[in-house]
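Report on one structure; see the data block that follows.
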Number of protein chains: 2
Amino acid sequence: MNPDALDATFAALADPTRRAILARLRSGEATVTELAAPFAMSQPAISKHLKVLERAGLVSRGRDAQRRPCRLEPAALKAATDWLADYREFWEVRYQGLDSLLHDIQSLGGDER
Amino acid sequence: MNPDALDATFAALADPTRRAILARLRSGEATVTELAAPFAMSQPAISKHLKVLERAGLVSRGRDAQRRPCRLEPAALKAATDWLADYREFWEVRYQGLDSLLHDIQSLGGDER
DNA sequence: TAGTTAAATAACCACTTAGTTTTATACACG
DNA sequence: CGTGTATAAAACTAAGTGGTTATTTAACTA
């Protein structure tokens with residue numbers, strides 16, 4: 001994956017308001033005002049957050065009269081997860097206290113990822 | 001997980017230099033100068049990046065005479081992955097074009113996570 | 001046409017970030 | 001002791017972020 005895209009994705013996730021917006025979008029499309037409602041924050045602030053999420057590829061938007069419904073776009077989330085997956089075996093091994101076996105396991109290529 | 005901790009973790013990951021440092025640390029401990037070597041950047045800049053990674057709980061540091069060896073601390077990476085895992089089933093379903101089944105699957109709680 | 005609603009844009013502010021250079025600290029070695 | 005080495009800290013700068021209020025655009029409604 002393009003490093004700039006990962007930058008944008010992780011940066012977008014590094015904000016609790018934006019993570020809450022994504023969580024909300026898991027249960028379906030929502031308009032900007034619907035998304036803004038739970039927050040003690042102005043509408044333009046939410047629009048800015050949405051622009052960040054859109055630029056990161058995490059949401060996309062449609063058109064319904066005046067409304068611009070947002071929906072979750074999970075591909076970028078998958079890309080971030082894929083990046084993190086490269087570390088998964090590391091911490092799993094480490095949690096078993098088997099650091100010394102890490103390289104053996106890696107060279108065998110024997111996990112299910 | 002504490003939201004501030006997730007903030008710090010994702011923010012730390014949103015920088016290619018820091019991700020490269022983490023990748024380097026996968027193959028074992030390294031000193032600040034060793035970590036700085038591949039980058040066209042001053043030593044204090046790397047020290048700052050390491051402080052960000054340390055504050056995010058992604059690395060910890062020891063002491064060996066003048067050296068402050070850094071090692072990967074995978075717990076924070078695991079926490080970030082766990083957060084993203086809540087979205088995994090969503091995109092997996094979506095990729096199969098089975099959006100309409102998402103809520104059924106969720107309410108059954110029937111995946112292996 | 002005028003009024004209302006939904007959202008974006010503009011202009012601004014305080015704070016943070018990522019880098020710099022310079023200086024200081026801590027330790028090892030002769 | 002003084003010198004080199006490894007790292008951190010200080011002070012600064014340019015650019016980015018996250019919020020505000022006020023304004024504008026676009027579309028529906030009466």
Side-chain angles (χ1 to χ4, degrees), chain A residues 3-25 28-73 76, chain B residues 3-25 28-73 76:
Chain A
D4 289 2
L6 262 188
D7 288 5
T9 301
F10 282 128
L13 294 176
D15 182 283
T17 302
R18 288 192 292 261
R19 288 198 304 276
I21 288 173
L22 293 178
R24 164 65 183 79
L25 291 178
E29 288 195 359
T31 67
V32 176
T33 30
E34 284 166 357
L35 291 171
F39 300 103
M41 202 178 294
S42 66
Q43 168 263 314
I46 300 295
S47 280
K48 280 192 181 183
H49 281 303
L50 288 172
K51 198 186 291 186
V52 172
L53 289 168
E54 199 177 8
R55 200 173 53 87
L58 287 162
V59 312
S60 63
R61 349 199 29 183
R63 169 75 76 175
D64 167 29
Q66 312 101 314
R67 266 137 267 143
R68 303 289 313 278
C70 302
R71 62 181 151 281
L72 194 52
E73 210 58 64
Chain B
D4 289 3
L6 261 189
D7 288 4
T9 301
F10 282 128
L13 293 176
D15 182 285
T17 301
R18 289 193 290 262
R19 287 197 305 276
I21 288 173
L22 292 178
R24 164 66 184 78
L25 290 177
E29 287 195 0
T31 68
V32 176
T33 30
E34 283 167 357
L35 291 171
F39 299 103
M41 202 180 293
S42 66
Q43 168 263 312
I46 299 296
S47 279
K48 281 191 181 184
H49 281 302
L50 288 172
K51 196 186 293 188
V52 172
L53 290 168
E54 199 177 9
R55 198 171 56 85
L58 288 163
V59 312
S60 63
R61 346 196 35 181
R63 169 74 78 173
D64 168 28
Q66 311 102 312
R67 265 136 268 144
R68 303 288 314 277
C70 302
R71 63 179 152 285
L72 195 52
E73 210 60 63

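Residue numbers start from 1 in every chain, and the chains themselves are labelled A, B, ... in the order their sequence lines are given, proteins ahead of strands. Not measured: the values here are computed from a predicted model.
Here the side chains of Leu22(B) and Val59(B) are in contact, with some heavy-atom distance below 4.5 Å. Contact of the Leu35(B) side chain with the Leu25(B) side chain is registered, since non-hydrogen atoms from C-beta on lie closer than 4.5 Å.
Cys70(B) SG to Glu54(B) CD: the interatomic distance, rounded to the nearest 0.5 Å, is 7.5 Å. For the atom pair NZ of Lys48(B) and OG1 of Thr17(B), the computed distance is 13.5 Å after rounding to the nearest 0.5 Å.
The distance between atom CG of Leu50(A) and atom C1' of dT9(C), rounded to the nearest whole Å, is 15 Å. The distance between atom CG of Leu13(B) and atom P of dA18(C), rounded to the nearest whole Å, is 12 Å. Distance, Asp7(A) CG to dT17(C) C1': 14 Å, rounded to whole Å. Distance CG (Asp64(A)) to C1' (dA6(C)): 11 Å, rounded to an integer number of Å. Atom CD of Gln66(A) is separated from atom P of dA6(C) by 7 Å (rounded to the nearest Å). The distance between atom NE2 of His49(B) and atom C1' of dA18(C), rounded to the nearest whole Å, is 6 Å. For the pair Arg68(B) CZ and dT25(C) P, the interatomic distance rounds to 16 Å; values are reported in whole Å.
As judged by a 4.0 angstrom heavy-atom cut-off over every strand, Ser42(A) is placed among the base-contacting residues. Residue Thr31(A) is in sugar-phosphate contact alone, with no base atom involved, counting any heavy-atom pair closer than 4.0 Å across all strands shown. Nucleic acid contact class of Arg61(B) (heavy atoms, under 4.0 Å, all strands): sugar-phosphate only. Across all strands shown, Arg18(B) has heavy atoms under 4.0 Å from sugar-phosphate atoms exclusively, and none from any base.
No donor-acceptor distance shorter than 3.5 angstrom exists from the side chain of Arg68(B) to the backbone of Thr31(B), with no hydrogens or angles considered. Under a 3.5 Å cut-off, the side chain of Arg18(B) and the backbone N or O of Ala11(B) do form a donor-acceptor pair.
The side chain of Lys48(A) lies closest to dC12(C), out of dA18(C), dA8(C), dC12(C). With dC27(C), dA18(C), dA7(C) as the choices, the nucleotide that has an atom nearest any side-chain atom of Asp15(B) turns out to be dA18(C).
Take the nearest nucleotide of DNA chain D for Met41(A) and for Arg67(B): the residue whose nucleotide is more 5' is Arg67(B). Of the two residues near DNA chain D, Glu34(B) and Val52(A), the one whose nearest nucleotide lies more 5' is Glu34(B).
One finds no side-chain N or O of Thr17(B) lying less than 4.0 angstrom from the OP1 or OP2 phosphate oxygen of dA18(C).
For the pairing with Ser47(A), the side chain to side chain donor-acceptor pair (under 3.5 Å) check across Lys51(A), His49(A), Gln43(A) returns one residue only, Gln43(A).
Put simply, the side chain of Gln43(A) and the base of dA6(C) share no donor and acceptor less than 3.5 Å apart.
Contact footprint of chain A on DNA chain D: nucleotides with an atom under 4.0 Å from a non-hydrogen protein atom, first to last in 5' to 3' order, dG18(D) to dC28(D).
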